[in-house]
Visitor: 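Quick one: structure below, then a few questions.
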Amino acid sequence: MSRDFQLPGRSPVIACEGMAATSHPLATLAAIDVLRGGGNAVDAAVAACATLCVVEPHMTGIGGDCFTLVSQPGKPVWGYNGCGRAGAKASDQVLRDKGMEAIGSTSVHAVTVPGSIEAWEAILEAHGRFELDRALQPAIRYAEHGFPVAPRVAWDWGRHVAKLKADPAATRHYLFDGKAPAEGDIVRLPALAETLKTIAAKGARAFYEGEIAADMAATVATRGSFLTAEDFAAHRGDAVEPIATHYRGLDLVEIPPNGQGITALVMLNILENFDLAALDPYGPERFHLVLEAARLGFAVRDSHIADPAHMRVEVADLLDKGFAKKLASKIDMKKRAKLPPHPTPGSDTIYLTVVDRDRMACSFINSLYSSFGTGICTEKTGILLNNRGSCFTLAAGHPNVFGSAKRPMHTIIPALAMKDGRCDMSFGVMGADYQPMGHVQIVTNMRDYGMDVQEAIDCPRFFFEDELTVVERGARPATIEGLKQRGHNVVMAPTPWGGAQTIKIDWQRGVLTGGSEPRKDGCALGY
C-alpha cells in the first residue's frame with residue numbers, strides 16, 4: 001500500500017543513525033539529544049519517559065509502573081517487569097466485609113507501590129551508558145523552568161478537573177487558579193522538580209526510602225490504605241524472560257504475566273487460522289473477525305492472568321496452537337458471539353520506542369493507569385499515585401484477587417516483532433485494556449495488508465466495552481453497517497482508541513522507518 005499524497009496524513013520518518021518515537025515532541029527531542037550525545041537506546045528511552053512524566057502528567061508519572069523489552073543484535077531479548085505490589089497487609093476479605101465488590105479507580109486501595117523509578121535505574125544499570133541522574137536532566141529542566149502545554153494534553157487535562165479538585169494536593173500541584181492549563185500555557189511543577197532532583201542526586205533508593213517514601217506512605221495512610229513505608233522500601237522489580245508466538249513469519253515478543261501481553265499472542269494464534277489477507281482491511285468482515293478473536297482472547301485473560309506466583313494455568317498451555325484452533329472454531333463469521341463482559345478500557349499510558357546506531361531496540365511503556373491515576377497526590381513531593389490496584393478483582397478464590405504483596409493483572413505491554421532472530425520492529429500501543437487489540441491490529445495491518453508503519457497506526461480502530469462495539473469516526477459507514485448486521489451494537493468512540501509508536505529496522509538497506517500516533521501530540525524523529 002502507498003499513501004495518497006492528496007489526502008491528509010503524514011509520511012513515515014526514515015533515517016539511518018538512530019530514531020525515537022514518542023507521544024510528545026519534547027520527549028522525542030530529549031531522546032534524540034541523548035542519542036547524539038553518546039547515549040544508547042536505553043538511555044534515550046529513560047530520558048524520554050522521565051520527560052513525559054512531566055509534560056504529560058495525566059498519562060504517566062513517577063508514581064506509576066514501567067515495563068520494557070530490549071533487543072540487541074546477537075543476544076536474547078531482555079525484559080523487565082517494573083510493576084509494584086499491593087501492601088503486605090492487603091486483604092480482600094477486609095474489603096468485602098466493608099461491602100466492596102470491586103476496587104474503584106479512585107479508591108486508595110487502588111494505589112500499589114510505584115515501580116517506575118526502580119525500573120529506570122535497573123534498566124540503565126543492565127543496558128545503559130548513562131547514570132540515572134543524567135537521564136533525568138531534561139525532565140528536571142521542564143519541571144523547574146516550565147513547558148508549553150500541547151493540544152492533546154490540554155484537551156485531556158481539562159476533562160479531569162473534577163478528579164483533581166477532589167484531592168487537595170492534586171489541586172495545589174496540578175490545577176492553576178482551580179483550572180486546567182490551556183493549550184500553549186507554560187506550566188511549572190516545582191514540587192515534582194525537587195523530587196526528581198533528589199532522585200537524581202541519591203538514586204532510586206531515595207524514592208523508596210526516606211522523605212519521599214514517607215510522604216507517599218503518609219498520603220495513603222490517612223485514607224485507610226494497607227500500604228506502609230515498609231512496602232515501599234521492599235520494592236524490587238524483576239528481569240523476566242519474554243514470551244512469544246509465531247505469526248506468518250514473525251515472532252511477536254511480549255512481557256509474560258502479570259502483564260496482558262499474552263492476550264495479543266492468543267489473539268494472533270486464533271487469527272492464524274483464517275485467511276485475513278483475503279479480507280478488505282477496512283471492511284466489516286475483517287473487523288468482525290478481529291473483534292471476535294479479541295472477545296475470546298480477553299475471556300482467556302480475565303480468567304487466568306494474574307501475578308505469576310498465583311496463576312493456575314501454565315503460559316505454555318495458553319499459547320498452545322491447538323488451544324487457539326479450538327477457540328477459532330467458536331467464531332461465526334456472520335454473527336457476533338455472546339461472551340462474558342469485559343472491563344471498560346481507558347487510554348492513559350505512554351508508550352515510546354528508540355533504536356540506536358548499533359540497532360539496540362528499546363520498547364518502553366510507563367503508566368499511572370487512569371488519567372492522573374487515582375487522582376491522589378502526595379502533599380510535599382507532588383507525586384500522582386497510580387490506580388493499578390483497580391485491576392485486581394475481589395472475587396474470592398480468583399487468581400487475580402487482591403491480596404498480600406501481590407501484583408495485579410497489568411495492562412501495559414511493550415512489544416517487539418522478531419524475524420530470523422533479529423528485531424524487525426519495536427512497537428507498542430498505549431490504551432489500557434485496548435493494548436493487545438492494538439498490537440494485533442498493527443501486526444496484521446503490516447503483515448497481512450502490507451501497510452507501512454504510519455498507515456498501520458492511522459487505520460481506524462475498533463474495540464468493545466461490555467456489549468457495545470465502540471468504533472472511531474474514521475470507520476467507513478458500510479463497515480459500521482456490516483458490523484450491525486452481524487449483531488454488533490455499534491456506538492461511536494467518545495475519545496480515540498489509544499496511541500501507537502513504531503520503528504521498523506531495514507537490515508538490508510541500513511535504514512530505520514518510524515511512525516507516530518496522529519491521535520496524540522507526538523512524533524517520530526531520526527537522524
Side-chain angles (χ1 to χ4, degrees), residues 41-42 45-46 49 60 64-72 75-85 112 114-116 118-120 122-123 126-127 236-245 247 250-269 297-298 300-301 304-311 313-316 318-319 349-354 361-367 369 386 388 391 400 406-418 423 425-440 442-443 498 500-502:
V42 163
V46 173
C49 182
T60 195
D65 289 336
C66 171
F67 291 72
T68 196
L69 291 167
V70 177
S71 171
Q72 291 179 270
K75 296 183 180 180
V77 176
W78 183 86
Y80 199 82
N81 180 329
C83 169
R85 300 175 183 271
T112 53
S116 292
E118 189 273 347
W120 298 355
I123 294 162
H127 294 288
R236 300 292 189 280
D238 298 303
V240 294
E241 183 176 346
I243 58 176
T245 199
Y247 180 80
L250 288 180
D251 292 305
L252 183 65
V253 180
E254 301 274 359
I255 291 284
N258 57 311
Q260 66 168 343
I262 193 172
T263 313
L265 306 184
V266 170
M267 288 174 63
L268 288 174
N269 284 346
F298 278 85
V300 170
R301 184 200 78 164
H304 300 296
I305 304 306
D307 185 318
H310 297 269
M311 283 179 61
V313 178
E314 296 293 329
V315 166
L318 297 177
L319 292 180
T349 298
I350 64 90
Y351 171 81
L352 64 93
T353 180
V354 184
C362 185
S363 187
F364 198 103
I365 198 160
N366 207 96
S367 178
Y369 195 33
N386 70 81
R388 188 54 61 181
C391 289
N400 188 41
K406 286 181 69 174
R407 287 171 164 168
M409 187 285 294
H410 218 291
T411 61
I412 63 173
I413 49 172
L416 295 171
M418 309 293 289
C423 182
M425 181 169 65
S426 177
F427 74 105
V429 185
M430 62 194 83
D433 291 318
Y434 174 77
Q435 291 178 59
M437 183 70 154
H439 286 200
V440 168
I442 294 290
V443 169
Q501 314 294 334
T502 303

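For the single chain, residues carry numbers from 1 onward in sequence order. All heavy atoms count here, side chains included; hydrogens, waters and symmetry mates do not.
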Visitor: List the atom of Ala417, the atom of Leu250, and the distance in Å for their closest heavy-atom pair.
Guide: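 Of all heavy-atom pairs spanning Ala417 and Leu250, the closest is CB-CD1, 4.3 Å.
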
Visitor: Side chains of Thr411 and Arg388: donor-acceptor distance under 3.5 Å anywhere?
Guide: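 Side chains of Thr411 and Arg388: pair found under 3.5 Å.
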
Visitor: So, using side-chain contact (heavy atoms from CB on, under 4.5 Å) as the criterion, who are the partners of Ser116 when residues are at least two apart?
Guide: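 Per chain and number, Ser116 pairs via side-chain contact (heavy atoms from CB on, under 4.5 Å) with Cys66, Trp120, Asn366.
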
Visitor: How many angstroms lie between atom CE of Met409 and atom CG of Asn258, to the nearest 0.5 angstrom?
Guide: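 Interatomic distance, Met409 CE to Asn258 CG, rounded to 0.5 Å: 9.0 Å.
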
Visitor: Could you pull out the closest heavy-atom pair between Phe298 and Gln260, with the gap in Å?
Guide: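 For Phe298 and Gln260, the tightest heavy-atom pair comes out as CE2-OE1, 3.8 Å.
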
Visitor: Ile350 versus Ser367: any side-chain heavy-atom pair under 4.5 Å?
Guide: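 Sidechains of Ser367 and Ile350: no contact.
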
Visitor: Under 3.5 Å, is there a donor-acceptor pair between the side chain of Asp307 and the main chain of Arg407?
Guide: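 Present.
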
Visitor: Using side-chain hydrogen bond (donor to acceptor under 3.5 Å, both in side chains) as the criterion, list what pairs up with Thr502, not counting sequence neighbours.
Guide: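 For Thr502, no residue satisfies side-chain hydrogen bond (donor to acceptor under 3.5 Å, both in side chains) once neighbours in sequence are set aside.
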
Visitor: So, do Met418 and Met425 sit near enough that their side-chain heavy atoms are less than 4.5 Å apart?
Guide: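 In short, these two side chains do not touch, never coming nearer than 4.5 Å.
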
Visitor: Looking at Asn81 and Cys83, would you say the former's side chain and the latter's main chain have a donor-acceptor pair under 3.5 Å?
Guide: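 Looks like yes, one N/O pair under 3.5 Å.
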
Visitor: Whether the side chain of Asn386 engages the backbone of Thr112 through a donor-acceptor N/O pair (distance < 3.5 Å, no angle test) should be reported.
Guide: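 Here the side-chain-to-backbone pair exists.
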
Visitor: List the residues meeting side-chain contact (heavy atoms from CB on, under 4.5 Å) with Ala122, not counting sequence neighbours, and say none if there are none.
Guide: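 Checked Ala122 against side-chain contact (heavy atoms from CB on, under 4.5 Å); matches are Tyr80, Glu118.
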
Visitor: Applying the side-chain contact (heavy atoms from CB on, under 4.5 Å) test to Leu318, which of Thr263, Ile243, Ile262 qualifies?
Guide: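 Per the side-chain contact (heavy atoms from CB on, under 4.5 Å) rule, the option paired with Leu318 is Ile262, out of Thr263, Ile243, Ile262.
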
Visitor: Would His310 and Lys406 count as a side chain to side chain contact (heavy atoms under 4.5 Å, CB included) here? Give the steps.
Guide: CA-CA 9 Å; His310 297 269; Lys406 286 181 69 174; 3.6 Å; yes

Visitor: Can you give me the closest heavy-atom contact between Thr353 and Cys362, atom names plus distance?
Guide: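 Minimum heavy-atom contact is OG1-O, 3.1 Å.
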
Visitor: Who passes side-chain hydrogen bond (donor to acceptor under 3.5 Å, both in side chains) against Asn269, sequence neighbours left out?
Guide: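 Expected list: Thr245, Lys321.
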
Visitor: Taking salt bridge (Lys or Arg N to Asp or Glu O under 4.0 Å) as the test, write out the residues that go with Asp251, two or more places apart.
Guide: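 Asp251 satisfies salt bridge (Lys or Arg N to Asp or Glu O under 4.0 Å) with no other residue.
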
Visitor: Side chains of Ile365 and Gln435: does their closest heavy-atom pair fall under 4.5 Å?
Guide: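 They are in side-chain contact.
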
Visitor: Do you know which two heavy atoms are closest between Gly259 and Ile305, and how far apart they sit?
Guide: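 Result for this residue pair: O-CG2, 3.6 Å.
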
Visitor: We want to know whether Asp65 and His410 form a side-chain donor-acceptor pair, criterion being a heavy-atom distance below 3.5 angstrom.
Guide: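 Side chains of Asp65 and His410: pair found under 3.5 Å.
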
Visitor: Could you walk me through whether Ile413 and Phe67 pass side chain to side chain contact (heavy atoms under 4.5 Å, CB included), step by step?
Guide: CA-CA 7 Å; Ile413 49 172; Phe67 291 72; over 6 Å; no

Visitor: Thr68: what forms a side-chain hydrogen bond (donor to acceptor under 3.5 Å, both in side chains) with it, not counting sequence neighbours?
Guide: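 So Thr68 forms no side-chain hydrogen bond (donor to acceptor under 3.5 Å, both in side chains) with any residue.
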
Visitor: Go through the steps for Val70 and Val77 under the test side chain to side chain contact (heavy atoms under 4.5 Å, CB included), then give the verdict.
Guide: CA-CA 6 Å; Val70 177; Val77 176; over 6 Å; no

Visitor: Which residues pass the side-chain contact (heavy atoms from CB on, under 4.5 Å) test with Ala126, sequence neighbours left out?
Guide: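 With neighbours one apart ignored, the set is Trp78.
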
Visitor: Within the distance-only criterion (no hydrogens, no angle test), does the side chain of Tyr247 pair as donor or acceptor with the backbone N or O of Leu252 below 3.5 angstrom?
Guide: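 Looks like no, no N/O pair under 3.5 Å.
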
Visitor: The criterion is side-chain hydrogen bond (donor to acceptor under 3.5 Å, both in side chains); which residues satisfy it with His439, sequence neighbours excluded?
Guide: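 Only Glu254 meet the side-chain hydrogen bond (donor to acceptor under 3.5 Å, both in side chains) criterion with His439.
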
Visitor: Evaluate Ile123 against Phe364 for side chain to side chain contact (heavy atoms under 4.5 Å, CB included), listing each step before the verdict.
Guide: CA-CA 10 Å; Ile123 294 162; Phe364 198 103; 4.0 Å; yes

Visitor: Under a 3.5 Å distance rule, please check whether Ser363 uses its side chain to pair with a backbone N or O of Ser426 as donor and acceptor.
Guide: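 It does not hold such a pair.
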
Visitor: Quick one: closest heavy-atom pair of Gln501 and Leu352, and the distance?
Guide: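 Answer, listing the atom of Gln501 first, then Leu352: CG-CA, 4.4 Å.
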
Visitor: Considering all heavy atoms of both residues, which atom of Leu69 and which atom of Ala415 are nearest to each other, and what is their separation?
Guide: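 Closest pair (atom of Leu69, atom of Ala415, distance): CD1-CA, 3.8 Å.
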
Visitor: I'd like to check Thr60 versus Met430 (side-chain heavy atoms, cut-off strictly below 4.5 Å). Are they in contact?
Guide: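 They are not in side-chain contact.
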
